[in-house]
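To keep things clear, I will list the structure first and then write my remarks on it.
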Amino acid sequence: MSYDPPRPAGRLLLTPEDKEAPARARRLRGLGLGERPEPALDTFAHRLAELTGAPYAMVNFPDEQRQFYAGLYVPAVAPVVRSDGTSPQLGRTLPRDHGFCPHVVARRKALVLEDVHDYPRFSGNPVVDEFGIRSYLGAPLIDGTGLVLGTLSVADVEPRPWGKQGLTTIKEHAARLAMELEGRDGLLPY
């Protein structure tokens with residue numbers, strides 16, 4: 001699958017503009033989301049990682065400046081070891097220009113990258129070098145008003161054929177989670 005959006009004349013836009021960011025920030029504040037880790041979302045991410053076999057899974061709420069992983073699953077043993085023997089640690093926040101979730105938010109639909117090195121637009125992204133991410137699968141969390149609240153995604157350090165089943169899985173789980181986020185009182189401990 002490919003993703004090559006139109007380019008502005010004369011330049012490559014690496015991180016898309018996010019015109020909904022202020023509205024999203026207000027909506028997330030109203031739902032009490034996006035400022036702290038959510039144990040139920042960590043559990044949701046862990047189950048999604050198990051289901052897909054991916055080492056990383058995230059529930060991401062981006063704003064104008066950063067991305068915040070209110071739900072995060074990372075492996076106990078980092079899958080990447082640098083030449084100096086250390087391993088990168090994915091935390092709860094990333095700059096807005098890191099990763100692929102801002103592209104999912106801007107395009108308002110799922111993004112499948114089976115090998116990020118196949119896409120010049122994405123192969124130079126900082127998460128590729130810093131964390132060794134080679135494949136990504138993400139879908140938007142769209143609420144009942146049509147606003148993209150964030151993303152649900154998984155990532156791997158190996159190229160990965162997510163296929164139709166992977167795409168269906170991420171889209172179904174994103175739709176389910178978006179509905180549950182809207183009814184915050186009903187957020188289930190997965």
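Hydrogens, waters and symmetry mates play no part in the numbers below; they use all other heavy atoms, side chains included. Note that the numbering runs from 1 along the sequence shown for the chain. Fair warning: this is a prediction, and the values are worked out from it, not measured in the lab.
- Of all non-hydrogen atoms in Pro140 and Lys109, the two that sit nearest each other are CD-C, 3.6 Å.
- Transitive grouping of hydrophobic side chains (ILVMFWY, heavy atoms separated by less than 4.5 Å) brings Leu181 and Ile170 into a common cluster.
- Residues satisfying the salt bridge (charged side-chain N to carboxylate O under 4.0 Å, His left out) test with Arg92, not counting sequence neighbours, are Asp42.
- The shortest heavy-atom contact between Ala45 and Gly71 is CB-C, 4.1 Å.
- Taking the six-membered ring where the residue is Trp, the centroids of Phe61 and Phe68 are separated by 6.0 Å or more.
- Legend: residues meeting ring-ring contact (aromatic ring centres under 6.0 Å, His included) with Tyr69, ordered by chain and number and at least two apart, are absent.
- Using the six-membered ring where Trp is involved, Phe122 and His103 have ring planes that are perpendicular, over 60° apart on the 30 and 60° scheme.
- Annotation: side chain of Leu141 is in contact with side chain of Val59 (closest heavy-atom distance under 4.5 Å).
- Here the side chains of Asp18 and Pro16 are not in contact, with every heavy-atom distance at 4.5 Å or above.
- Every residue two or more places apart in sequence or in another chain was checked for a side-chain hydrogen bond (donor to acceptor under 3.5 Å, both in side chains) with Glu35, and none qualifies.
- Taking both residues in full, the closest heavy atoms of Ile133 and Val116 are given as O-CG2, 3.6 Å, listed atom of the first, atom of the second, then distance.
- Under the 4.5 Å side-chain criterion, counting only non-hydrogen atoms from C-beta, Arg27 is in contact with Glu182.
- Comment: Arg24 does not engage Asp63 in a salt bridge, judged by the lack of any side-chain N to carboxylate O separation of less than 4.0 angstrom.
- In this structure, the side chain to side chain contact (heavy atoms under 4.5 Å, CB included) partners of His117, at least two apart in sequence or on a different chain, are Asp115, Ser123, Val128, Arg134.
- No more than 12 heavy atoms of other residues, nucleotides or ligands sit less than 6.0 Å from atom CD of Gln65.
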Please walk me through it: do Leu48 and His173 pass side chain to side chain contact (heavy atoms under 4.5 Å, CB included)? CA-CA 8 Å; Leu48 185 63; His173 281 75; 4.2 Å; yes
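- For the atom pair OG of Ser135 and CG of Leu113, the computed distance is 8.5 Å after rounding to the nearest 0.5 Å.
- By the 4.5 Å heavy-atom criterion applied to side chains, Phe100 and Val127 are counted as neighbours.
- The hydrophobic clustering, which links ILVMFWY residues whose side-chain heavy atoms are closer than 4.5 Å, places Leu31 and Phe44 together.
- Across all non-hydrogen atoms, the minimal contact from Tyr136 to Trp162 is O-NE1, 3.3 Å.
- Counting heavy atoms from C-beta on, the side chains of Gln67 and Pro102 come closer than 4.5 Å.
- Residues passing the salt bridge (charged side-chain N to carboxylate O under 4.0 Å, His left out) test with Arg108, sequence neighbours excluded: Glu20.
- In this structure, CE on Met58 lies 13.5 Å from CG on Leu41, to the nearest 0.5 angstrom.
- The two residues Gly32 and Glu38 make their nearest non-hydrogen contact at O-OE2, 3.6 Å.
- Closest approach of Pro126 and Asp97 over heavy atoms only: CD-O, 3.9 Å.
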Less than 3.5 Å apart, which donor and acceptor atoms pair up between the side chains of residues 147-159 and the rest of the protein, not counting sequence neighbours?
| residue | atom | partner | partner atom | Å |
| --- | --- | --- | --- | --- |
| Asp156 | OD1 | Glu158 | N | 3.4 |
| Asp156 | OD2 | Arg160 | NH1 | 2.6 |

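- Cluster membership check: Ile142 does not share its hydrophobic cluster with Leu137, using side-chain heavy-atom separations under 4.5 Å among Ile, Leu, Val, Met, Phe, Trp and Tyr.
- Checked by atom type, the side-chain pair Gln165/Thr169 shows a donor-acceptor distance below 3.5 Å.
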